[in-house]
Structures are given as C-alpha cells and as structure tokens.
Amino acid sequence: MLLSLLPVFLAGGQPADGTGGIISFLIPIILVIGVFYLFIYRPQKKQQEEHEEMVSNLEKGDKIVTIGGIHGTVRRIDDDSLLVQVDSSGTKLRFDKQAIANVGGDDN
C-alpha cells in the first residue's frame with residue numbers, strides 16, 4: 001500500500017484516498033525549523049558573538065564580574081585566561097575568559 005502511494009507523494013499530488021502529498025508533509029517541518037532558527041539559534045549566536053567581542057576588548061585595569069558573581073580588576077591577560085585581583089589586600093585569582101559575565105562592575 002505504501003509503495004503504491006510513493007509516486008503520488010513525490011509528485012506532490014493528492015491521491016484518491018485523501019492523504020496529503022509530500023508538500024503538506026514538509027511544510028510543518030520547515031516551519032518548525034524556521035521557528036527554531038528565529039527564536040533559539042539566532043539569538044544565542046548573537047549573544048555569543050557579543051560575549052566574544054567583550055572579552056577580546058578587555059584591558060588591564062578593567063573592572064569585571066564573573067559568572068559566579070566575583071567582582072575584580074584585571075591584572076594580566078593571557079591567551080585563554082585572566083589574572084584578576086579580587087580585593088584590596090592583593091588576592092588574585094585566575095579565571096578562564098569564558099567565565100566573564102560582564103565588564104564594568106562595581107568598585108571592589
């Protein structure tokens with residue numbers, strides 16, 4: 001039965017028993033993919049690009065806040081990490097660049 005409907009589905013026509021063609025099958029799938037792209041993938045990609053730009057523009061002396069909520073001042077920038085002073089007594093911690101939530105946090 002299914003093999004006899006294959007030419008009708010591929011042609012996009014309506015078979016005599018009322019089942020839809022390949023076009024009516026593909027339209028919902030295309031719509032789901034479009035919604036996924038517009039509401040999930042594109043905003044996430046934009047946010048990732050903004051974060052990468054923010055991290056690439058970091059300079060020594062910038063105030064930062066990590067994703068864990070730690071406030072500090074950048075003391076040294078390496079390829080994939082930062083040395084951050086977190087208090088006035090000189091305590092320094094090393095963070096990956098991906099752990100930076102935002103730049104321009106409050107004074108320490």
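- The hydrophobic clustering, which links ILVMFWY residues whose side-chain heavy atoms are closer than 4.5 Å, places Val84 and Val103 together.
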inquiry  = Applying side chain to side chain contact (heavy atoms under 4.5 Å, CB included) to Arg75 and Thr73, what does each step give before you reach the verdict?
reply    = CA-CA 6 Å; Arg75 292 298 172 218; Thr73 305; 3.7 Å; yes
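- In this structure, CG on Leu82 lies 5.5 Å from CD1 on Ile64, to the nearest 0.5 angstrom.
- Surrounding CZ of Arg42 are at most 12 heavy atoms belonging to other residues, nucleotides or ligands under 6.0 Å away.
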request  = Go through Phe95 and Leu83 one step at a time and tell me if the side chain to side chain contact (heavy atoms under 4.5 Å, CB included) criterion holds.
outcome  = CA-CA 7 Å; Phe95 292 100; Leu83 189 63; over 6 Å; no
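- Under a 3.5 Å cut-off, the side chain of Thr91 and the backbone N or O of Asp87 do not form any donor-acceptor pair.
- In this structure, Asp62 contributes its side chain and Leu58 its backbone to no donor-acceptor pair below 3.5 Å.
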inquiry  = Before you tell me yes or no, could you show the steps for His71 and Lys63 under side chain to side chain contact (heavy atoms under 4.5 Å, CB included), namely the whole-Å CA-CA distance, both residues' side-chain angles and the distance that decides it to 0.1 Å?
reply    = CA-CA 7 Å; His71 295 247; Lys63 307 275 188 205; over 6 Å; no
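- Hydrophobic clustering (ILVMFWY, side-chain heavy atoms < 4.5 Å, transitive): Ile23 and Leu31 are in one cluster.
- Linking Ile, Leu, Val, Met, Phe, Trp and Tyr whenever their side-chain heavy atoms come within less than 4.5 Å leaves Val32 and Val35 in two separate clusters.
- At distances below 3.5 Å, at least one donor-acceptor pair connects side-chain atoms of Lys97 with backbone N or O atoms of Asp79.
- Proximity of a side-chain donor or acceptor of His51 to a complementary backbone N or O of Lys46 within less than 3.5 Å is not detected.
- Under the 4.5 Å side-chain contact rule for hydrophobic residues, Ile67 and Met54 do not share a cluster.
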message = Does Asp78 form a side chain to side chain contact (heavy atoms under 4.5 Å, CB included) with Arg94? I'd like the steps, not just the answer.
response = CA-CA 10 Å; Asp78 295 328; Arg94 180 165 302 279; 2.7 Å; yes
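- Taking every heavy atom of both residues into account, Val86 and Leu93 meet most closely at CG1-CD1, 3.8 Å.
- No chain of hydrophobic side-chain contacts below 4.5 Å, direct or via other Ile, Leu, Val, Met, Phe, Trp or Tyr residues, connects Phe39 to Ile33.
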